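Lettering of chains follows the sequences in order, A, B, ..., and the numbering in each one begins at 1. All values reported here derive from a predicted model rather than from experimental measurement.
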Amino acid sequence: MESLDNIAMLAPSIEPNFKKKFWKFLSRWYGENGFKYPWRKSPTPYSVLVSEFMLQQTQAETVVPYFLAWMEKFPDWESLAKAQEKEVLRAWEGLGYYSRARNLHRIAVMLYHERKGELPSDPEELMKFPGIGPYTANAVASLAFGRKTPALDGNVIRVMARLMNINQPIHKKETIRTIFQVVDSLMQGEAEASLFNSALMDFGRAVCKPKYPRCFACVLKEMCKAKQPELLPLRTKIEIEEKKEKIAIIREDDRFWLQQANSNQNRYRGLWLFPYFDPDVMEEKAPLFFLRHSFTRYKILLEVCEASWNKERLKMMPIEGQWVKKKEIFSLPLPSPHRKIWLQLLSKDETNKGP
DNA sequence: AATTCGGGGAG
DNA sequence: CTCCCAGAATT
C-alpha cells in the first residue's frame, strides 16, 4: 500500500496520459448524467455565491425551491444589501444554519458599500468574507470566475480518497492538502474548471456514494485503487441526547406573545419564537399537542400548551418579548418547529370557526 | 481536534 | 430508526 507521502510526491507528476483518460471518462459521464440545477443555468458571481451558501451541508434537491424563490426576491447584490435582516431570514426559513443567511447579507452590504458590488475572484481574498471557507472560496473562484482551482467538498474528498486508496481519516488536514494537490494536477488540462469541479462533485454524489457506492456503474473503475468492498474509515459515532421542552402559547384576541432569539446566542439568532413555558410567570391553561423534532445530536419532544401570564409575578420580573398580531406572524422568520406550531394553531382556529 | 449550528431526504 | 448532506466558525 502506498503511503500518503508517496502519493503527495507523485501528485505534481501524474502522467499526462492518466490525466487525459481521467477527464475523458469523467466528462463523458457528466455529459450524460450531470445534474441540471437552476444555479447552473446562467451563473453569475452573485447567483453562485447564493447557491453555494445554501448548499453548505444541505442537499441539492432541498435547495432548489429556496434558490429560485431567493433569486426572485433578491435578484442581485443591491437588492440583498438593501433588504432588512428580517426579510432575509424569512427567505431562508426552513433551511437551517441561519448564520449562513446573516453572513450572506453582511457580504452583500460590504460589497455594496466598499467594492462597487463586485466579488474578488481570488480564493484567498474570498476567504476573508464571513461564511466563506476553503470549499466555498474555491467553488466560487472556479464556478463563477473560471479559475482552475479544486473545490473539495465532501463528495470530491470521498472520490479521491477511494481512488487513491487513502486509508486514513479523510478529514485530516494533511490528507486534504494531498487531495488538493492531486485534483489540482488532474484539472490542469483541457478541462474547464467549472465543468471539472461540477463533474467530480456530481460523480461523487451519484456514483461514488458514501455508503453503497455504485462501483458496478463506475467509469473510473479501472483507475481506482480502493480495496472494495472495504471502503472508508468510519466516522466516530455521536450520542443522541433526548430532551423535553415545553412551549407556551399566550394569546390575547388576535395577538400572540413572541420573542426574538437572544442576540448574543448563535442558535436562531434574529428569528422569532414562541416562549418556553416558565412556571414562575405563567399559568398553564390547557395542553394542546406534542411535536417532535431533531437536529444534530438532539431529539426533542416539544410539548405545546396554552398559557396565560401570572400578572402578579410578572410585575416583579420583566420578561422579554412582545405581542405580535396574527397577520404579522406570517412575515416573521420562525424556526421550522415553531412554524409548524403556528400552522397547527391556525388550522385549529379554522376548524373552530367552522359552520 | 472536537463541537456547534438545522433541517430534511434517503434507505 | 440512522446516516448524511456542494462546510464554516468557535472552542
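Across C:dA6 and B:dT4, the matching P atoms stand 23 Å from one another, rounded to whole Å.
Put simply, chain A comes within 4.0 Å of DNA chain B, heavy atom to any atom, from B:dT4 to B:dG9, going 5' to 3'.
Contact check of residues 42-66 of chain A against DNA chain B (heavy atom, cut-off under 4.0 Å) returns A:Gln57, A:Thr58, A:Gln59, A:Thr62. Heavy-atom distances under 4.0 Å link DNA chain C to A:Tyr37, A:Trp39, A:Arg40 of residues 28-41 of chain A, given in residue order.
By the side-chain hydrogen bond (donor to acceptor under 3.5 Å, both in side chains) test, A:Glu118 is found to be paired with no residue, residues two or more places apart in sequence or in another chain being considered. The ring-ring contact (aromatic ring centres under 6.0 Å, His included) search around A:Tyr37 returns A:Phe35, A:Trp39, not counting sequence neighbours. For A:Gln59, there are no side-chain hydrogen bond (donor to acceptor under 3.5 Å, both in side chains) partners, not counting sequence neighbours. Shown here are the side-chain contact (heavy atoms from CB on, under 4.5 Å) partners of A:Tyr276, two or more places apart in sequence or in another chain: A:Glu245, A:Ile247.
Evaluation of the ring-ring contact (aromatic ring centres under 6.0 Å, His included) test over residues 130-156 of chain A, restricted to residues two or more places apart or in two chains, returns none. Evaluation of the side chain to side chain donor-acceptor pair (under 3.5 Å) test over residues 64-73 of chain A, restricted to residues two or more places apart or in two chains, returns A:Tyr46-A:Trp70. For residues 329-339 of chain A, every residue pair satisfying the salt bridge (charged side-chain N to carboxylate O under 4.0 Å, His left out) rule, not counting sequence neighbours, is listed here: A:Glu93-A:Arg339. The stretch residues 44-55 of chain A participates, sequence neighbours left out, in no salt bridge (charged side-chain N to carboxylate O under 4.0 Å, His left out) pair at all.
Between C:dA6 and A:Thr136, no contact under 4.0 Å exists linking OP1 or OP2 to a side-chain N or O. Phosphate contact (OP1/OP2 of C:dC5, side-chain N/O of A:Arg158, threshold under 4.0 Å): present. Applying the 4.0 Å criterion to OP1 and OP2 of C:dA6, one finds that A:Arg205 has a side-chain N or O inside that range.
Ring pair A:Phe203/A:Trp29 is perpendicular by interplanar angle, where above 60° counts as perpendicular and below 30° as parallel.
Mapping A:Asp153 and A:Ile132 onto DNA chain C by nearest heavy atom places A:Asp153 at the nucleotide closer to the 5' end.
Using a 4.0 Å heavy-atom cutoff across all strands shown, A:Asn197 reaches no nucleic acid atom at all.
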Applying salt bridge (charged side-chain N to carboxylate O under 4.0 Å, His left out) to A:Glu222 and A:Lys24, what does each step give before you reach the verdict? CA-CA 13 Å; A:Glu222 70 176 69; A:Lys24 184 182 160 193; over 6 Å; no

Can you give me every donor-acceptor pair (side chain of residues 289-309 of chain A, partner residue at least two apart or in another chain, under 3.5 Å) with its distance?
{"residue": "A:Arg297", "atom": "NH2", "partner": "A:Glu241", "partner atom": "OE1", "Å": "3.0"}
{"residue": "A:Lys299", "atom": "NZ", "partner": "A:Glu242", "partner atom": "OE2", "Å": "3.3"}

